[in-house]
Amino acid sequence: MGVPIKISRGIHLISAFWTMALALLIFCDVMGRQLFGAPVPGTKEILQNSVVTIAFLQLPLAIYSGSMLRTSIFADAVPAALRRILRTITALLGIAVFAALVWSTSDSFFDAYRIGEYEGEGSLRVPTWPVRGTVMVMSAFVALAYLHMIVLDWQGKLDNEIEAPGAIAPPVAE
Amino acid sequence: DDFTLRIGAGHPNGPTVYVTDVAEFFVPEVVRRVAEETEHTISFVEGYGGSIAGVAETLESVQNGILDIGAYCMCFEPAKLFLHNFPYYAPFGPQDSEAQMQAVRAVYDQVPWLTEQFTAEYDQVLLGLHGWDNYHLGTTDPWETVADLQGVKIGGAGPNLPWLEFAGAQPVQSTLPDGYLSLQTGVYNGWLMFPSAYLGFRFYEPAPYYTLIGFGAMGVNALTMNENSLNRLPEDVQAIILEVGAAYEAQAGASLNAAQERGLTGLAEAGATISEISPEVQSGWAESLATFPGQQAAEADGRGMPGTEVMQTYLDVVAGTDYVWPFEYSLGN
Amino acid sequence: MGGDIVLWMLGLLILLILLGTHIGVALAVCSGIGVYLMLGSFEAAVSILGNTAYEAIRKDVFVVIPLFVLMGDFISRSGAASDLYRICDRSLKRLPGRLAIATIAGNTVFAAVTGVSIAAAAAFSRIAYPEMKRAGYKQTFALGAVAGSACLGMLIPPSVLLIVWAILTELSVGALFIAGIIPGILLAVMFAAYVIISVMHKPEIAPAFKADLVPLTRAEVRSELVGGLGILGLIMLVIGGIWQGLFTPTEAAGFGAIGAFVIGLIKGMRGKEILDAIYQAGRTTAPIMFLLISAQMYSRLLAIGGAVPFIQGLFFSIGAEPWMIIALMMVIWIVLGMLVDSVSIILLTVPIFAPIAGILGIDPIAFAIFGILVIEAGLLTPPFGLLVYTVKGAVPDPSVTLGQIFLGSTPYFILILVAALIVLFIPSLATWLPEVMF
Ligand code: NA
Ligand code: NA
C-alpha cells in the first residue's frame with residue numbers, strides 16, 4: 001500500500017476519534033450546564049471550527065476509497081477503456097478544484113496569520129489561521145490524492161475501478 | 001449605457017434595518033436618479049442574507065470584486081476593522097440613533113484615517129455608515145440588579161461580549177439565527193439585542209423579559225464599494241452613487257429610531273414584559289466598564305491604529321452634545 | 001448576461017454529473033468557471049471557492065451530521081437495529097411490508113431528533129436497509145422506503161429548513177415548528193398506506209420475516225430486549241431532551257452518539273468493532289460535507305448571476321391565474337431541487353415567493369409547510385437528489401445503484417407533492433396546532 005494512502009488513513013482515524021471527542025465535549029458541556037450551571041467555555045467555537053477541520057481531514061481517504069458521491073448512469077454503459085478516460089478527466093477536475101482551493105486559502109491563511117485575524121471577543125477570541133491552514137494543507141493533499149489515483153488507475157491497481165488498494169480495509173486488519 | 005452592479009449583505013432584508021435600507025432606499029434611489037439625471041441606466045443584482053457573501057466575508061468579497069457594493073457590520077471584522085468598532089468600546093453612549101450617527105460621523109470627519117483605511121488596505125470606498133439602534137437585554141427570567149446577572153449565560157455577537165464579562169455575566173458567542181433554539185434549550189438565558197431584531201427573530205417567545213438597559217445605539221455598519229467598480233463608472237453616475245451613499249447614512253438615524261420604536265411597540269404587543277433599569281444600575285454597569293475604552297484604545301495603538309486618537313475624539317464629540325454619560329470615561333490610566 | 005452564463009453552467013453541470021464526475025467537484029468547477037465568466041476575474045472566481053470552503057459548514061449545527069452518522073453506525077454495528085426490526089416485525093405481524101413500515105415509523109420518530117434529512121437517510125441506510133435486504137425485500141422497494149421516509153426529517157421539528165424559512169419571512173420559529181407536526185404525521189401515514197397497498201398488490205416485494213418461526217433462546221430474547229429498549233431509550237433521551245428544552249439538536253446529536261456507544265458496549269462491541277464504526281462513519285460523512293460546501297458555492301453562483309430576478313421576471317410577465325403561479329413555483333422548486341441544496345433553495349426563492357403567496361391570499365404558515373414539502377421532494381429527484389446520494393453513500397451494499405434508489409423513491413416523491421397540495425387546500429392542517437398553542 002502506498003505511503004500517501006497510509007497517511008490518509010492515519011489522518012482519517014485521528015479525525016474520526018476527534019468526532020467522538022466532540023460528542024464527549026457536548027456531553028460534558030450539557031452535564032456541566034444542567035448539573036452545576038457551569039458549561040464548558042468555548043464549546044460552540046470548538047464545535048464550529050472542528051466541523052470544517054474534520055471534513056477536510058477526511059477528504060483524502062474519501063478520494064482513495066472511492067466514497068465521493070457521483071452517478072455512474074453513463075459510465076456503466078460505456079467500454080472499460082472509455083470509463084478509465086472519464087475517471088481521469090474527473091480526477092483532473094478534482095485536481096483543478098483543490099489546487100484552486102490551495103491557492104485561494106493560502107492567501108487568506110497568510111493574511112489571517114499576519115494580521116492575527118480572530119473572531120469572537122473577550123475570553124472567546126479564536127484565531128482563524130489554524131482552520132484556514134488546515135483547509136489549505138488538506139486541499140493540497142486531496143489534489144495529490146487525485147493525482148495518485150490517476151497513476152494507480154493507469155497502472156491497473158484500483159479495486160472495483162474506484163478504490164485504491166488498502167483504503168477501505170478496516171483499520172486494524174493488518 | 002446600462003451598468004449592472006452586484007450588491008449584497010450577510011444579513012437578510014427584513015429583520016435588519018441597515019440591509020432593509022439598502023434594498024428599499026439605496027438601490028431604488030440610485031436606479032431612479034441615474035435614469036433621471038444621466039444618459040445611463042443602472043441595474044442591481046441583489047444578494048442579501050448571505051446568498052453571495054456571509055457577514056464575515058462581505059469586506060473581502062467587496063475587496064476582490066465578487067460584490068461591487070457590500071453592506072456589513074464592522075463587528076464581524078474584529079481584526080481588520082478593529083478600531084471602527086469604537087462605539088462598542090464606550091457603551092452607554094447616545095441612546096438616540098440620530099445622535100449616535102452624527103457623533104460617529106464627526107469622528108470619521110476628524111480622523112480621516114478611518115475612511116482612508118478602507119481604500120488603502122481593502123480596495124474599497126466607504127459610501128455611507130449605518131448602525132444598530134439602542135441595545136438592551138432580553139432574558140428568560142426576570143432580574144433586578146447587576147448582581148443577579150452573576151454567572152448568567154448571555155448570548156451576543158462580537159464586540160459587545162465584554163460588556164457582559166465586566167458585569168460578571170458569562171458571554172456566549174452566538175449568531176441571531178441560532179438564538180431562538182439556544183434560548184429555548186438554555187444554552188444561554190439572555191440575548192443582548194436591539195428590540196427590532198429581538199422582535200424579528202422572535203426571541204420574546206423563549207425569553208420574554210426585555211429590560212431596557214440603554215447600552216446605546218451603535219454606528220458600526222458600513223456600506224462600501226469596490227474602488228475599481230466605482231472608477232469604471234461614468235463620473236455623473238459615480239457622483240450619484242456617492243451622494244445616495246451619503247443620503248443612506250443621513251437617513252440611517254431616523255430609520256433606526258423608527259425601528260427601535262416599532263420594535264418596542266411590537267414586543268409589548270407580542271406580550272413581552274418590558275421593564276427599565278434604574279439610573280443607578282445603569283451607571284453602576286457603566287462604571288464596571290471604566291477601564292474598557294482605554295484598554296481598547298491601547299490595543300488599537302498596539303496594532304498600529306490611531307486608537308487613542310479615535311477613542312478620545314469620540315468621547316469629546318459626545319461630551320460636546322447635550323448627552324450625559326452615565327459614567328464619565330477617561331482613557332488615562 | 002448573468003442569466004445566460006447561469007444557464008450555460010447549468011448545462012455544463014448536468015454534463016459533468018452525467019459523465020460521472022464527483023458531484024461536489026462538478027459543482028465547484030461550474031461555480032468557479034461561472035464566476036470567472038461573469039466577473040472576468042480569476043482571483044474572484046478562486047476566492048469564492050476558498051471562502052465558501054472555509055465558511056459554508058463552519059457552524060456548530062453541522063456537527064449533527066457526523067454525530068448522527070456515528071450514532072447510526074454504532075446502532076447498526078451493535079446489532080440493536082436488527083433487534084428493533086425483529087421486534088417491529090413481530091408486533092406488526094399482520095401488516096404487509098412491516099419492515100418498510102417500521103422504517104417509516106422509525107424515521108418519523110428519528111425526524112424528531114434531527115434537523116437535517118440527510119442524517120436520517122445516512123442512519124437508516126445503515127440501520128434499516130440491511131434488515132430489509134436480509135428479509136428478502138426487493139432492493140428498489142427497500143431503498144425507496146429509506147430515502148423517501150428520510151424526507152420526514154425536514155418537516156417534523158426540529159428542522160433547519162423551518163428555522164431558515166421562519167427567519168426569512170419573520171414567522172415564529174415556535175409556531176412553524178408546531179405547524180410541521182400534523183403534516184409530518186399525515187405524510188408518514190400516507191407513506192405507510194402506500195407500502196401496505198403496494199405489498200398487498202405484489203406480496204413478493206416484501207416477504208414476511210421468517211426468523212420468528214424458530215423459538216428464540218433466552219439469550220436471544222435478552223439481547224433483543226437490550227437492543228430494543230436501548231434504541232427506545234436513546235430516542236427518548238434525544239427527543240425528550242429536545243422537547244423538554246434540555247438540548248439543542250447539536251447537543252442531542254452528541255448525546256445520541258454517546259448513548260449509541262454505550263448501547264454498543266452493552267451489546268458486546270469491543271475495540272475492533274468500535275474502531276470500525278468510527279472509521280466507517282467518517283468515510284460516510286466526508287463526501288456529504290464536501291457536497292454541502294460545493295452546493296453552497298453553486299448557490300452563490302446563482303445569486304451572483306441574478307437568477308432570482310430572472311425568475312421573478314417570469315412571474316410578472318405571464319400575468320397568469322393564481323393556480324398557474326402556484327404551479328410555476330412548484331416547477332421552479334422542483335427544478336432547483338434537482339440542482340442545489342434545500343437551504344439554498346429557500347434562501348434564493350422564498351424572499352420572492354412568500355410575498356407573491358401573500359398577495360394570492362395564502363396563509364403564510366401553510367405556505368411555508370407547502371413550500372418545504374415541495375422543496376423536500378427535490379431531495380429525491382435526479383440528477384442531484386441529495387438524499388439519494390446520501391443513501392448510496394451510506395448503504396453497506398456496493399451492488400446498489402443510484403438508478404434503483406431514484407426508482408424506489410419515485411412513489412414517495414409523488415406522495416410528498418400530494419401532501420403539499422393537501423396542505424395548500426386544507427391550510428388548517430398546518431395552522432390549527434399553532435393557533436391552539438400560541
Ligand atoms: Na426534524
Ligand atoms: Na434533487
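Each chain gets a letter, A, B and so on, in the order its sequence line appears, and its residues count up from 1.
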Problem set entry | Donor-acceptor under 3.5 Å (Arg300(C) side chain, Ile52(B) main chain) | yes
Exercise. In this structure, are over 12 heavy atoms from other groups packed under 6.0 Å from Phe3(B) atom CZ?
Worked result: yes
Problem set entry | For Ile304(C) against Arg6(B), the heavy-atom pair lying closest together | CG2-CD, 3.4 Å
Exercise. Glu60(B) versus chain C, heavy atoms under 4.5 Å apart: side chain, backbone, both or neither?
Worked result: side chain
For this session: Mind ranking Gly8(B), Ser182(B), Ala53(B), Gly47(B) by heavy-atom pairs under 4.5 Å with chain C and telling me who comes out on top?
Result: Ala53(B)
Exercise. Which atom pair, heavy atoms only, marks the closest approach of Ser61(B) to Asn51(C)?
Worked result: OG-ND2, 4.4 Å
Exercise. In Å, rounded to the nearest 0.5 Å, how long is the span from CD of Glu43(C) to CD1 of Ile66(B)?
Worked result: 8.5 Å
Exercise. Who among Ser41(C), Ala45(C), Ser47(C), Ala56(C) has the most heavy-atom pairs with chain B under 4.5 Å?
Worked result: Ser47(C)
Seminar exercise, completed: Ser51(B) and Ala303(C) have their tightest heavy-atom pair at O-CB, 3.5 Å
Exercise. Within a reach of under 6.0 Å around CD of Glu261(B), are more than 12 heavy atoms found that belong to other residues, nucleotides or ligands?
Worked result: no
